[in-house]
Each structure stands twice: as structure tokens, then as C-alpha cells.
Amino acid sequence: MDVFIPILVLIGAGLLATSRPAYRLRRSRPATVLVAGGWVSVLVGVVLGPSVTGLIDRESIFNAVPLLALGLGWIGMLVGLQFRWSLLRSLPRAVWLIAAADFLVSAAVFGTLGYALLSRWLPEPSPALLTIPLVFLVAGSLGWSVETRSLGAHFDRRPIVLVRAAGALAGGLAILAFGVATKLVSVDALGALSLTPDRAALKLLHSVLLALAIGFVGRGMIRLAGSSQGHQFTVFLGLVAFIAGSANQLDCSPLITAMCTGAVIANIRSQGIQQFEAFIFRAEHTFAILFGLLTGLLLEPVTTPLLLLGALAFVAARIVFKPLVMGFGFRSVRPEWALDRHAGMLPLLRIGACRQAPLMLALGVSLVLVEPSTFHKELLGLLVLVGIASELMPAIFAWRAHIKPDDPADEERPA
């Protein structure tokens, strides 16, 4: 019974967040910015958790690990479905340049900041002990929020392609880097940590082979589902459950395995694939809310001066370097795309790149599942604090510029 109470509370909170009143609330400027990043649901999770009211205890969440793995598989599948080869091949060169520049800059800047923070935080840091938390800090800092509706109206589609496509590529890199890092570190019988690159490579190969097998099986299932949304939901739930369960049995990363499976399905020519993808993406907002709630329940609030200083350094680094990366992308396509016509909107998009990607929430839940230690919960709280703080700058900019968010007409309105 203790397991079902938090599940019912999370489902109820998710339904409330996707109701008609919540939809109307999201049309206001401040609510749009905060809800789009999932940070309101994180705060609700903190309130429901042991840090405030204690309505839901963390042990109940850990007892529902199979359901958490199912949710991670869902998120990974959503990311992988974006990697259709025909779409990737049509992306302009600037998108790949931005993704590569962001990866290199993030690895250098946030990797250095993370190493400095962890070296002072941990009593005896070793390469094996530093690997997972350091990669988590870097992976959680990759990219930015691909949601642009809350930044303002009347954007030309071309600069939005740079923001969303480069952010999606960064999300795939984040899942890959973190998933490999969790398998790179192993624990022996005495509890000592060691780096095992051969094990990480083997688990990555297992994930790819498993994704190929499930992807081709899923093609036939999707064809049988046809256009019925009920059948599509059943097929997708079965696929994700099979992916998560198989990944757990093989000790593979559910995020990487599900992402690879989504990429395989997206590149298989089969009847009903596009309808299936359109149906699945409608649940993205609901799952973002659920993972925000889970993150709030699992994290340990950041209180020590060292962690607060580290969060401030990460926010400052995002504000300084993320707009530079985005500006580099805009400069690389300005002559071809005639972006001078939209020069007034480009600063807003650059500042919007400061916003942390909500995918960090799924990475954070996965981090705590790897080892539910206080250290990992505090590390998750650190990046949550960075994410909330990084939302303030574009929110203030949009408010000062009197820019209203777009009407989310392309979202499914709740009945």
C-alpha cells in the first residue's frame, strides 16, 4: 500500500497539471516560463517529500523502481524518436556546429567547475569516485531548454530550428554520456570502486543490439495498432516496459536502450509510424511533470555554503557561455538565412539558451537510482537550483521587453 499512495498522488498531480485551469495558467508570462521547464512540479515534489510535509517518503519511491525504469524508458524513447536520419540529414551545418561547440564548451567549463567543486566536497576523491558525479554535472549542463514558445511571439522558423535541433542533439549526447558513465564504474565484492571501460563498451553494445531487436519487433506491432489511439498506447506501453525490463535484466542503461530503440523505430519505414509518433509526443508534457515531481521527492535541498557557491558558479557560467554558443550559430548562418530581418529577436533567443534542459530531471532520477546516497541527492539538488535560477534571466528579459508568449495552439487542449 505504501508504494501505491505516492503513485496515486503523482498521477493526481500530473492530471491536475494538465487540466484546463492549468492550461489557462500556462498562458501567462511567468507561469509559462516556469512550467515549461518543469520547475513548478519540482517545487511541488519538494513540498510533498520528507524535506517539508513528509506526505510521501523516499523509501516508497524506491520500492517502485520498476515503474521508475519504465518512466526512464519513456523519456529515452521520446528523445530517440527525434533522430530520424532523413531529418538529421536535412539539418543545416550550423546545427551540428552548435551541438559540437556546446559539447566542447560545456565539457571544458562545467567539467572544470564540477571537478573543483567535487574535489573540495569529497574527502578522498579518486577517478572512479569522481566519474559518475562529474559526468552528471556536465551532462546536465549540456544544451538548453528547446521550448521557445514562452520566450516570445513572431519568431521566424529558421532561428528556432537552430535552438530546438541543436538542443535535441545535445540531449542525446547527455543521455549517451551519462549512461556510459554509470556502466564505466563498477563495485567489487569489498565495495571498492574501479573503472572498467571494457564493461561500459559491452553494455553499450548490448543496448544497441537490444534496441535493434525491439525496434524491428515494434514495427510489426505498430502496424497492427493502426490509427487507434488505444491500440497505439497499448503498443507503446508494452514496448517501453519490455525495453526497461530487458535493460534491467542485462544491467544496461534504460535511457540509452530506449533512446536507441526510438531511433530505430523512427528510421523504419512502416505504416502508421508517423501517427504513432504524433500520439506519443502528446504525453511529453505529462511525463515532464511526473519526473519533476519525482525529482523534488528524491533530492536533498542544497544548504551548505560550498554547494550554494557551486550553484552560483554554474549559473554564472551558463549566463556567460551559453549565449556565446548560440550567437556563434546565428553568425554562421546569418548570410544564408538573412537573419538581419529578425535581429531584434536574436538576443532573446541567445538569452533563452541560458535555460537548463529539463532532460536533467530524468538524468537526476537515474543518478539517485544508481546509488540513493545523500551525496547523489544533494548533487541533484544542486543542478535543480541551477535550473530554477537559470530561468530567471530570460523571464526578466521577456517581462522587460513586454513580449507575450505564443498561444500554445499546437498543444493538445485538455477536454
Side-chain angles (χ1 to χ4, degrees), residues 6 10 37-52 56-62 64-65 68-69 71-72 75-76 106 110-111 113-115 117-118 120-122 129-143 145 171 174-175 177-179 181-182 185 253-255 287-315 317-318 355-391:
L10 292 175
W39 308 114
V40 170
S41 57
V42 172
L43 296 176
V44 173
V46 172
V47 172
L48 294 175
S51 301
V52 182
I56 301 177
D57 62 276
R58 294 194 181 103
E59 292 304 319
S60 299
I61 300 298
F62 293 130
V65 167
L68 296 181
L72 291 173
I75 297 296
S106 298
F110 297 103
L113 289 176
Y115 180 78
L117 174 66
L118 294 172
R120 296 183 63 86
W121 188 353
L122 299 173
L129 184 61
L130 287 173
T131 296
I132 292 179
L134 184 58
V135 173
F136 170 69
L137 290 176
V138 173
S141 302
L142 287 175
S145 174
I175 288 178
F178 180 72
T182 58
V185 179
S253 167
L255 277 172
F287 261 77
I289 291 172
L290 291 177
F291 265 90
L293 291 168
L294 284 172
T295 300
L297 290 169
L298 294 176
L299 66 82
E300 196 74 37
V302 175
T303 54
T304 65
L306 176 63
L307 298 188
L308 292 175
L309 183 62
L312 181 62
F314 269 70
V315 172
R318 292 195 70 88
R355 301 164 64 194
Q356 193 165 251
L359 180 63
M360 183 279 302
L361 303 180
L363 297 181
V365 171
S366 184
L367 173 73
V368 176
L369 290 181
V370 169
E371 182 188 351
S373 62
T374 302
F375 168 55
H376 281 177
K377 294 170 187 173
E378 289 179 343
L379 202 63
L380 176 57
L382 172 72
L383 274 198
V384 166
L385 184 60
V386 172
I388 294 175
S390 67
E391 295 285 348

Give the minimum heavy-atom separation between [X] and [Y], together with the two atoms involved.
| X | Y | result |
| --- | --- | --- |
| Leu297 | Gly45 | CD2-O, 3.3 Å |
| Ala313 | Leu113 | O-CD1, 3.8 Å |
| Pro254 | Leu72 | CG-CD1, 4.2 Å |
| Val370 | Ile132 | CG1-CD1, 4.3 Å |
| Thr182 | Gly179 | OG1-O, 2.7 Å |
| Ala177 | Val135 | O-CG1, 3.6 Å |

Euclidean distance, [Y] [atom2] relative to [X] [atom1], rounded to 0.5 Å:
| X | Y | atom1 | atom2 | answer |
| --- | --- | --- | --- | --- |
| Phe178 | Leu367 | CZ | CG | 4.5 Å |
| Leu309 | Thr304 | CG | OG1 | 9.5 Å |
| Ile388 | Leu383 | CD1 | CG | 11.5 Å |
| Leu361 | Thr295 | CG | OG1 | 4.0 Å |
| Leu380 | Leu363 | CG | CG | 10.0 Å |
| His376 | Ser366 | NE2 | OG | 10.5 Å |

Give the ring-plane orientation class for Trp121 versus Phe375, where under 30° counts as parallel, over 60° as perpendicular and anything between as tilted.
perpendicular
What do the steps show when you test Leu299 against Val42 for side-chain contact (heavy atoms from CB on, under 4.5 Å), and what is the final call?
CA-CA 9 Å; Leu299 66 82; Val42 172; 4.1 Å; yes
Run the side-chain contact (heavy atoms from CB on, under 4.5 Å) test on Leu298 and Leu369 for me, step by step, so that the C-alpha distance in whole Å, both residues' side-chain angles and the decisive distance to 0.1 Å come before the verdict.
CA-CA 10 Å; Leu298 294 176; Leu369 290 181; 5.6 Å; no
So, does Arg318 use its side chain to make a donor-acceptor pair with the main chain of Ser141 at under 3.5 Å?
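Side chain of Arg318 to backbone of Ser141, a donor-acceptor pair under 3.5 Å: yes, one is there.
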Gln356 side-chain N/O to Val386 backbone N/O, donor-acceptor pair under 3.5 Å
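Side chain of Gln356 to backbone of Val386: no pair is present.
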For Leu137 and Leu382, what are the C-alpha separation, side-chain angles and deciding distance, and is it a side-chain contact (heavy atoms from CB on, under 4.5 Å)?
CA-CA 9 Å; Leu137 290 176; Leu382 172 72; 4.0 Å; yes
Evaluate side-chain contact (heavy atoms from CB on, under 4.5 Å) for Leu142 paired with Leu359, printing each intermediate quantity in order.
CA-CA 10 Å; Leu142 287 175; Leu359 180 63; over 6 Å; no
Just jot down the ring pair (Phe, Tyr, Trp, His ring centres under 6.0 Å) partners of Tyr115, sequence neighbours excluded, or say none.
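Once residues adjacent in sequence are excluded, Tyr115 has no partner under the ring pair (Phe, Tyr, Trp, His ring centres under 6.0 Å) criterion.
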